[in-house]
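Heads up: the structure comes next, in structure tokens.
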Amino acid sequence: MTSSPGTSPPATSKVLVDTAVATMASGVERYGLIEDAALVIEAGSISWVGPRRDLVVPPGAELRSLEGRLVTPGLIDCHTHLVFGGERSAEFERRLDGASYADIAAAGGGVRSTVRATREASEHELLGSARLRLDRLHHSGATTVEIKSGYGLDLATELRMLEVARRLGAESPVEVVTTLLAAHVVPDEYQDDPDGYVALIVDEILPAVAERGLADAVDAFCEHLAFSPAQVDTVFTAAARLGMPVKLHAAQLSADEGIDVAVAHRALSVDHLEHATETQLAAMAGAGTVAVLLPGATHTLGEVARPPVEAMRRHGVPMALATDCNPGTSPVADLALIVNLGALLLGLTLEEAMAGVTRNAAAALGLAADRGTLEPGKRADLAVWDVDRPAEIGYWVGMDLCSAVWVTGEVGFDRTGGGLP
Ligand code: DI6
Ligand code: FE
């Protein structure tokens, strides 16, 4: 575009037509579906979305036909551990032979074996392997991805993991949100002194991470094979002093008071929740804490316990879904597959599952104000699908039906063959 000297060119709007739009707006039925829709993007945000017949084309706008494809909000993966060294397929084989996840963890395997591999990996190696997984997620429709640390468990390696996550965010079209998970498990060198490790987190790791601005939130794993509710409370209290929001892995393998601690700290989310009680769910609803459900872990571990989805509905706890992408319990980097597993394994409706990877995932990251639905004022984070109906996203398996993605109005990738504006 040309402009006369001294004036800046008017920002060009992009108008998408010949499309169905699933806005996923709250309180709207059937995915907020608008069958013959138009969507206007200006300066990286959605300025208008509605039925095409009501569209007023802004002057100078660039019109683009989506040839009948469906547009949804860009998907949001609100819980991943996708930066790590090595892989654990040998452990997977042992579990297929009958060993349990807890047996393997007790024998020094599990998370601690990935910690050893991650400490040995260079920044370059960590970046290279994580890039493949982030790229895969992006091609399954993701525009925002949370990445946790937690395979370093010492100051240097926790910092390295978070630096790698920040670098991935800087180089990828995907927006990366980072979480410090130093309280993942007790590392080998502190096996006899778990409280000493909690002190290291509080006195050294957390302040160093906060000072460098490397984490957007703080997480912990509350479980008999990880940290107690009292230890989680200590970590969360330190996070609060630094002004950092918290979230928690809890009630995955057994019930305890972890959820109560999370609610007392007004956690953004509690994740897993297979063994959550009615009282705890009521408290989560009261605190506005999102339930993040991780069906990839249910699937990979062959767990029989299911999160109490019916009780969550009754109490009005918003449900998000995420990949939990990690080498031990969920080697998954595909959000469309998670929609499928959320429906088939956990009993969500496909509409709930889609809300789980859009609107409610945004809430789980504290980002609901600017993303997660397609509404005026929100970021133009969009996923374009080669389907006619939103239900197809969770229906087809492994079909790779996401054909384009925009992040803040810019093309992340485009394989529609049309050259998106
Ligand atoms: N919960 C999980 O699902 C992962 N970590 C956690 O706290 C599992 C991580 C692993 O096995 O490597
Ligand atoms: Fe996890």
Side-chain angles (χ1 to χ4, degrees), residues 77-92 94-95 99-119 121 126 129-130 133 145-153 157-158 161 165 177-188 217-228 231-232 235 246-254 256 258 262 267-275 290-303 305 307 320-333 338 341 361 364-365:
D77 196 348
C78 63
H79 180 144
T80 87
H81 311 245
L82 65 75
V83 174
F84 55 84
E87 51 81 25
R88 307 226 297 272
S89 60
E91 182 181 297
F92 181 53
R94 282 173 61 201
R95 284 198 291 103
S100 75
Y101 183 70
D103 294 339
I104 292 168
V111 175
R112 285 191 283 144
S113 75
T114 298
V115 171
R116 292 189 283 278
T118 305
R119 286 178 177 178
L126 290 177
S129 63
R133 295 184 275 271
V145 171
E146 184 255 20
I147 302 179
K148 302 176 195 296
S149 69
Y151 291 119
L153 311 184
T157 321
E158 287 293 302
M161 288 187 72
V177 172
T178 60
T179 301
L180 175 68
L181 178 60
H184 194 185
V185 297
V186 177
D188 287 342
V218 173
D219 194 352
F221 187 18
C222 190
E223 196 60 64
H224 57 86
L225 50 79
F227 295 91
S228 68
Q231 290 169 326
V232 170
V235 173
V246 297
K247 56 180 79 174
L248 187 65
H249 288 69
Q252 178 185 12
L253 307 170
S254 56
D256 59 32
L268 287 171
S269 70
V270 182
D271 305 30
H272 285 296
L273 292 167
E274 278 77 349
H275 298 274
V290 177
V292 177
L293 311 181
L294 305 166
T298 309
H299 175 61
T300 305
L301 292 176
E303 275 286 329
L321 287 175
T323 61
D324 196 14
C325 177
N326 78 72
T329 65
S330 193
V332 174
I338 290 299
L341 294 178
L365 296 176

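Numbering of ligands and ligand atoms starts at 1, following listing order.
Side-chain atoms of Glu158 come within 3.5 Å of backbone atoms of Leu153 as a donor-acceptor pair (strictly under, hydrogens ignored). A distance-only check finds no donor-acceptor pair linking the side chain of Thr300 to the backbone of Ala297 [under 3.5 Å].
Close to ligand 1: Val111, with a non-hydrogen atom less than 4.0 angstrom away. At least one heavy atom of His272 lies less than 4.0 angstrom from ligand 1.
For ligand 1, the atoms closer than 4.0 angstrom to any heavy atom of Tyr101 are 8 (C), 9 (C), 10 (C), 11 (O).
Here 4 is the count of protein N, O or S atoms positioned under 2.8 Å from the Fe ion (ligand 2), waters not counted.
The nearest non-hydrogen atom to atom 12 (O) of ligand 1, considering only Phe221, Tyr151, Phe84, Phe227, comes from Tyr151.
With a heavy-atom cut-off of 4.0 Å, His81 touches ligand 1 through its side chain alone. For Leu294, no heavy-atom contact with ligand 1 is shorter than 4.0 Å.
Distances between N or O atoms of Thr329 and those of ligand 1 include at least one value under 3.5 Å.
A heavy-atom distance below 4.5 Å is not found between the side chains of Val83 and Arg133. Two residues are said to be in side-chain contact when any heavy atoms from C-beta on lie closer than 4.5 Å; Tyr101 and Val111 meet this criterion. A heavy-atom distance below 4.5 Å is found between the side chains of Gln252 and Glu223.
Counting only N and O atoms by type, the side chains of Asp324 and His79 include a donor and acceptor under 3.5 Å apart.
Regarding atom 1 (N) of ligand 1, its nearest protein heavy-atom neighbour is His249 CD2, 3.2 Å. If you check which protein heavy atom lies closest to atom 5 (N) of ligand 1, you get His184 NE2, 2.7 Å.
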